[in-house]
Amino acid sequence: MSSNEAPQVTNFIYQIVEKDLEQGTHGGKVVTRFPPEPNGFLHIGHAKSICLNFGTAQKYNGVCNLRFDDTNPEKESQEYIDAIVRDVEWLGFNWAGDIRYTSDYFDQLHAWAVHLIKQDKAFVCQLNAEQMREYRGNLTEPGKNSPYRDRSVEENLELFEQMRAGEFAEGEAALRAKIDMAAPNMNLRDPVIYRVRKAHHHQTGDKWCIYPSYDFAHGQSDAIEEITHSICTLEFEDHRPLYDWFVDNLPVPAKPRQYEFARLNLNYTITSKRKLKQLVDEQQVTGWDDPRMPTISGLRRRGYTPAAIRNFCDMIGVTRSNSTVDMSMLEAAIREDLESAPRAMCVIDPIKLTLTNYEEGQEEWFEVPVHPKDETLGHRLVPLTKNLLIEREDFAMEAPKKWKRLAPGFAVRLRGSYCVTCEDVITNEAGEVVELRCSYDPATKGENPTDYKPKGVIHWVSADNSIPCEVRQYDRLFTEANPEADKERSFTEFLNPESLQSFPNARVEVGMANAAIESSYQFERQGYFCVDPDSTEERMVFNRTVSLRDSWAKQSKG
RNA sequence: AGGGGUAUAGCCAAGUUGGUAAGGCACUGGAUUCUGAUUCCAGCAUUCGUAGGUUCGAGUCCUGCUACCCCUGCCA
């Protein structure tokens with residue numbers, strides 16, 4: 001089955017499943033589900049849940065359903081459903097059968113609500129929201145019974161039917177489970193299971209004006225789908241007794257079990273749908289798919305691959321303890337996946353370099369490997385001309401110690417081409433360097449010079465034959481590791497003003513002309529970049545997915 | 001005097017009949033390199049929140065304490 005070399009990923013969920021399989025708990029079946037509410041876009045935290053749910057099913061020859069938990073029509077929409085479906089597919093997972101909706105089960109859920117009433121385990125309560133809060137008590141004091149708690153079964157049946165028929169306004173009546181107002185677990189203090197919402201539902205239209213609550217809908221939906229392991233996040237732990245109470249008190253076809261794991265926290269970003277939506281609504285970002293967003297669609301546009309995200313989810317593990325994963329883990333995952341990407345040269349912030357001893361109008365094409373270690377990828381052709389462009393930061397008027405780039409009198413290799421020596425530096429009135437005049441060494445084509453040693457290798461592009469483009473470099477979205485930590489200040493106050501830096505004068509090598517939208521490349525010595533959908537025939541746009549590891553940057557900083 | 005959880009290196013995380021601390025990220029060397037990348041080698045917890053106890057032996061068992069997270073929506 002599995003090679004003994006592959007690092008074995010395990011976690012407490014897998015162990016539970018293995019034990020259940022051993023004991024035949026669910027008849028040897030494994031059925032999980034990913035149950036997003038369509039009220040926003042999926043983010044990296046959801047990816048963890050998706051990988052866990054689909055991954056568990058895959059690993060144990062089970063299946064995983066995709067079910068939209070759509071019990072709150074006021075906050076949900078088809079737009080989100082479409083985006084979520086796209087993201088799950090893009091991540092590379094297949095759900096069993098059709099897409100499901102909790103709303104598919106509204107008839108059954110309603111019937112079960114009636115069943116509870118008939119068992120005298122639910123009642124229609126007409127306390128308003130404020131009164132209900134008062135009656136609920138608080139963390140240390142027990143609540144007290146609603147004055148409506150002892151209505152007869154017949155009366156409850158009739159009132160619930162009136163709720164269904166639209167005879168109550170929102171907030172005027174709610175169906176509540178009759179459990180225990182003194183329970184230390186607040187979720188058991190006669191929770192609301194059906195409420196009036198006179199809203200159009202994206203799936204069921206205007207068929208209903210009452211909607212089941214999450215607590216009432218979720219476990220029963222799991223039972224209907226015969227989910228064996230209902231995996232959710234830690235904050236639902238207190239809901240488990242309620243989850244079980246419904247399953248035990250209703251004639252459901254199966255007995256699903258709920259297990260909780262810790263949600264993902266990533267530093268320098270946020271993983272809250274509500275707050276992400278706020279950034280979109282306030283136009284702090286360009287949209288849900290802004291490359292700076294930790295959303296699946298944002299990561300995708302940034303250049304992250306499904307394989308990298310899945311691998312990241314394996315790296316971080318699954319536990320019950322809250323933790324915050326370092327961004328560098330996500331970056332390590334994408335670097336690992338993109339190492340095999342084709343290479344290209346792009347000068348992001350150009351400065352002129354003129355080959356003094358090269359003839360004007362002459363053009364020489366160099367064959368450069370697409371990948372330094374994978375010759376099966378073949379070669380690309382890069383033109384050299386008299387007028388070149390190199391990276392501004394690859395030149396220093398006064399070279400620091402260990403400088404492996406250009407400086408007056410220094411010789412470097414132009415990657416894939418000749419070695420050049422900087423003989424002259426032209427500056428403008430402001431004292432800024434505007435041009436480097438260098439001589440090239442014709443003897444260094446494919447050969448190392450014998451009488452001197454170039455300081456290093458730099459990337460370059462022909463000024464006459466290269467493609468103008470825009471390069472967008474991204475940095476962390478927030479300046480604080482935990483932007484949500486400050487109780488006084490909004491997380492938006494910690495947005496990083498330098499999270500996007502655009503370079504409009506960049507130039508890529510000509511061979512990039514036909515690069516497809518979303519395809520990834522390594523711009524040598526700089527990082528991994530992908531073609532942004534904003535690209536047009538006239539102007540390509542590249543997003544920097546992640547920089548290369550840079551030991552020089554660390555060293556030179558101190 | 002509420003209930004439910006969690007505590008292993010800077011970060012994530014293995015550790016499950018008690019037997020003497022996996023792995024990854026990050027970091028630090030050093031080798032190779034026409035990418036200061038990749039790759040490769042080497043290093044990186046006498047110690048498992050804390051104080052006691054049981055035991056020949058405890059991250060693993062017992063007791064006390066501490067810290068942090070979640071719960072008072074007709075949200076999920």
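What you are looking at is a predicted structure, and each value in this text was computed from that prediction instead of being measured. Lettering follows sequence order; numbering is per chain, from 1.
Taking atom P in both A51(B) and C56(B), one finds a spacing of 23 Å when rounded to whole Å. Taking atom C1' in both A45(B) and C12(B), the straight-line distance is 15 Å, to the nearest Å. Distance noted for atom P between U32(B) and A37(B): 14 Å (whole Å). G3(B) and U72(B) have their C1' atoms separated by 12 Å, with the value rounded to a whole Å. Look at the C1' atom in both U28(B) and G10(B): the space between them is 14 Å, to the nearest Å. Nucleotides C65(B) and C75(B) have their C1' atoms positioned 37 Å apart, rounded to a whole Å. For the P atoms, the distance linking U38(B) with A13(B) amounts to 25 Å, nearest Å. Separation of the C1' atoms belonging to A58(B) and U50(B) is 16 Å when rounded to the nearest angstrom.
Within the nucleic acid shown, Phe236(A) comes within 4.0 Å of at least one base atom, counting heavy atoms only. Here Pro372(A) lies in heavy-atom contact (under 4.0 Å) with a base. The residue Arg133(A) sits close only to the backbone: its heavy atoms come under 4.0 Å of sugar-phosphate atoms, none of a base. Within the nucleic acid shown, Lys402(A) comes within 4.0 Å of at least one base atom, counting heavy atoms only. In this structure, His239(A) reaches the bases: a heavy-atom distance under 4.0 Å links it to at least one base atom across the strands shown. Base engagement by Thr140(A) is indicated by at least one non-hydrogen atom pair under 4.0 Å involving a base atom. As judged by a 4.0 angstrom heavy-atom cut-off over every strand, Asn128(A) is placed among the base-contacting residues. No contact: Leu338(A) has no heavy atom under 4.0 Å from any strand. Among the atoms of the strands shown, only primed sugar atoms or phosphate atoms (P, OP1, OP2) are found under 4.0 Å from some heavy atom of Arg320(A). Residue contacts shown for Asn138(A) include a base, since a base heavy atom lies under 4.0 Å away. When heavy atoms are screened at a 4.0 angstrom cut-off, Gln522(A) is found touching base atoms of the nucleic acid.
Contact annotation: Lys75(A) does not reach the phosphate of A76(B) (side-chain N/O to OP1 or OP2, under 4.0 Å). For the pair Ser323(A) and A13(B), the criterion of a side-chain N or O lying under 4.0 Å from OP1 or OP2 is met. Between Thr319(A) and U6(B), a side-chain N or O to OP1/OP2 separation shorter than 4.0 Å is absent. Between Arg549(A) and U38(B), a side-chain N or O to OP1/OP2 separation shorter than 4.0 Å is present. Residue Arg136(A) places no side-chain N or O under 4.0 Å from the OP1 or OP2 atom of U72(B). Phosphate proximity of C75(B) to Arg197(A): present, with a side-chain N or O under 4.0 Å from OP1 or OP2.
With a 3.5 Å ceiling on both atom-pair distances, U16(B) lacks any Watson-Crick or G-U wobble partner. When both pairing distances are held under 3.5 Å, G43(B) makes a Watson-Crick or G-U pair with C27(B). The partner of G64(B) is U50(B), by the rule that a Watson-Crick or G-U pair needs both atom distances under 3.5 Å. Taking a pair to require two hydrogen-bonding distances under 3.5 Å in either a Watson-Crick or a G-U wobble arrangement, U72(B) remains unpaired.
Annotation: cation-pi geometry satisfied between Lys275(A) and Phe491(A) (NZ/CZ under 6.0 angstrom from ring centroid, within 45° of ring axis). Taking the ring centre of Phe366(A) as origin, the terminal cationic atom of Lys445(A) falls inside the region bounded by 6.0 Å and 45° from the ring axis.
Taking only distance into account, the side chain of Glu141(A) never meets the base of U72(B) through a donor-acceptor pair shorter than 3.5 Å. One donor-acceptor pair, N or O on each side, does fall under 3.5 Å between the base of G36(B) and the side chain of Arg405(A). Judged by distance alone with a 3.5 Å cut-off, no donor-acceptor contact links the side chain of Asp550(A) to the base of G36(B).
Atom pair Asn267(A):CG and C25(B):P shows a separation of 17 Å (rounding to whole Å applied). Distance CZ (Phe160(A)) to P (C74(B)): 16 Å, rounded to an integer number of Å.
The side chain of Met315(A) lies closest to C25(B) when the candidates are C25(B), G2(B), U35(B). Among C75(B), A26(B), G4(B), the nucleotide with an atom closest to any side-chain atom of Glu237(A) is G4(B). Among the nucleotides G36(B), C11(B), A76(B), the one closest to any side-chain atom of Ser551(A) is G36(B).
A salt bridge is defined here as a Lys NZ or Arg NE, NH1 or NH2 lying under 4.0 Å from an Asp or Glu carboxylate O, and Lys178(A) with Asp190(A) fails to meet this definition. Ion pair Glu22(A)/Lys19(A) not flagged as a salt bridge, since none of the NZ, NE, NH1 or NH2 atoms sits closer than 4.0 Å to an Asp/Glu carboxylate oxygen.
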